[in-house]
Number of protein chains: 2
Amino acid sequence: MLKLSKKSEYALMAARYMAIKNHGNAVTAKEIADNYKISFELVSKVLQNLAKNKIAISFQGVKGGYTLKKNPFEISLIELIQAVEPDYQITDCLRSESPKNECSYSDCCKIRDPLAEVQRKIDKVFYETKLAHII
Amino acid sequence: MLKLSKKSEYALMAARYMAIKNHGNAVTAKEIADNYKISFELVSKVLQNLAKNKIAISFQGVKGGYTLKKNPFEISLIELIQAVEPDYQITDCLRSESPKNECSYSDCCKIRDPLAEVQRKIDKVFYETKLAHII
DNA sequence: ATAAATAAGACTATTATAGTCGGGTATAAA
DNA sequence: TTTATACCCGACTATAATAGTCTTATTTAT
């Protein structure tokens, strides 16, 4: 209930780790998983999502891994979260694929527009908080 | 994922309904359930929670029902949400029953304090948005 | 008395999240 | 050119959280 998913947490943790450990080599999924003792497969997926969303760059093969594409002051939490959770809206009827004015309740619940405003403010918080701020 | 629960939605909807329909009598759970075509039992529970949390007053017996205790400008969304979702924190380690510095990750994920700041900002949004604003 | 309403807790069903597994591709280095 | 390491990706399963139902008790106006 209004909680970040593990995927989002892992995205923040992984991004933070990459921001800090910028020793020459790229950081591997295994390194992050071992460091925090979390599922390697999940972290891998998260990192793949970060790469797909141009937040990280991936290098394949031996000596491969990931590095951040931008500097930590230019990466906002909303980017990291949306990379792993494309729809993170506080209510279904605000989701992107939801047709305008769709409301599952009879005669409409009428609170959609005010909630959209709340959503904008929450987005703003996650936009203005940068990776650099969680380091 | 960062989504309001149905309970929270119902709390907002029910509170809004009470704020608008203040015809002499109290509003019944049945009336609200019928109006939005949502589960009577669930709305009942939500209304009971609002009463327990001093947001609404309940009247038992025939002609019973609920009315709001305060005016809609004095009821914030955070009150309504917390009435039905006592712990609505964005991450487990920020929850009230969580001992300070508890972190499920090896060597700690280190993002707890910055996230607490994010949480405060989100709380502020829900505190500053009043029932009157969603009418 | 009766009917309409809240109160409360146990129970079940459904859905979302978290986590696993298997097969594939790319590449540095021996 | 073989091998080991690491990314890529989709399907699958298990678990947990949410949503919804059922039952019984209590209150109270008529």
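Keep in mind that the numbers below use all heavy atoms, side chains included, and drop hydrogens, waters and symmetry copies. The sequence lines fix the lettering, A, B, ..., with proteins before strands; numbering per chain opens at 1. The structure displayed is predicted, hence computed values, not measured ones.
Nucleotides of DNA chain C with any atom under 4.0 Å from a heavy atom of chain B span, from 5' to 3', dA3(C) to dT17(C).
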Between N or O atoms, less than 3.5 Å apart, protein on one side and nucleotides 6-10 of chain D on the other: list the pairs.
from: dC7(D); atom 1: OP1; to: A29(A); atom 2: N; distance (Å): 3.1
from: dC8(D); atom 1: OP1; to: S58(A); atom 2: OG; distance (Å): 2.6
from: dC8(D); atom 1: OP2; to: Y66(A); atom 2: OH; distance (Å): 2.7

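Residues E41(A) and M1(B) both approach DNA chain C. Their nearest nucleotides, taken by heavy-atom distance, put M1(B) toward the 5′ side.
Every side-chain contact (heavy atoms from CB on, under 4.5 Å) that N71(A) has, sequence neighbours left out, goes to F73(A), E74(A). Partners of Q60(A) by side-chain contact (heavy atoms from CB on, under 4.5 Å), not counting sequence neighbours: none found. For N53(B), there are no side-chain hydrogen bond (donor to acceptor under 3.5 Å, both in side chains) partners two or more places apart in sequence or in a different chain. In this structure, K7(A) has no side-chain hydrogen bond (donor to acceptor under 3.5 Å, both in side chains) partners at least two apart in sequence or on a different chain. For S5(A), the side-chain hydrogen bond (donor to acceptor under 3.5 Å, both in side chains) partners at least two apart in sequence or on another chain are S8(A), E85(A). Y17(A) is linked by a side-chain contact (heavy atoms from CB on, under 4.5 Å) to K21(A), V27(A), E31(A), I32(A), N35(A), Y36(A), counting only residues two or more places apart in sequence or in another chain. The side-chain hydrogen bond (donor to acceptor under 3.5 Å, both in side chains) search around E128(B) returns K124(B), not counting sequence neighbours. Listed by chain and number, the residues in a side-chain contact (heavy atoms from CB on, under 4.5 Å) with P114(A) are I134(B) (sequence neighbours excluded).
A heavy-atom distance below 4.5 Å is not found between the side chains of L80(B) and F126(B).
Within residues 4-15 of chain B, the residues approaching DNA chain D are S5(B), K6(B), K7(B), Y10(B), by heavy-atom distance under 4.0 Å.
Between I81(B) atom CD1 and dT18(D) atom P the separation is 14 Å, expressed in whole Å. Here dT18(D) presents its P atom at 18 Å from CD1 of I38(B), a figure rounded to the nearest Å.
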Can I get a per-line list of side-chain donor-acceptor pairs under 3.5 Å for residues 38-52 of chain B, giving both atom names and the distance, sequence neighbours left out?
from: S39(B); atom 1: OG; to: E41(B); atom 2: N; distance (Å): 3.4
from: S39(B); atom 1: OG; to: L42(B); atom 2: N; distance (Å): 3.1
from: S44(B); atom 1: OG; to: F40(B); atom 2: O; distance (Å): 2.8
from: N49(B); atom 1: ND2; to: K45(B); atom 2: O; distance (Å): 3.4

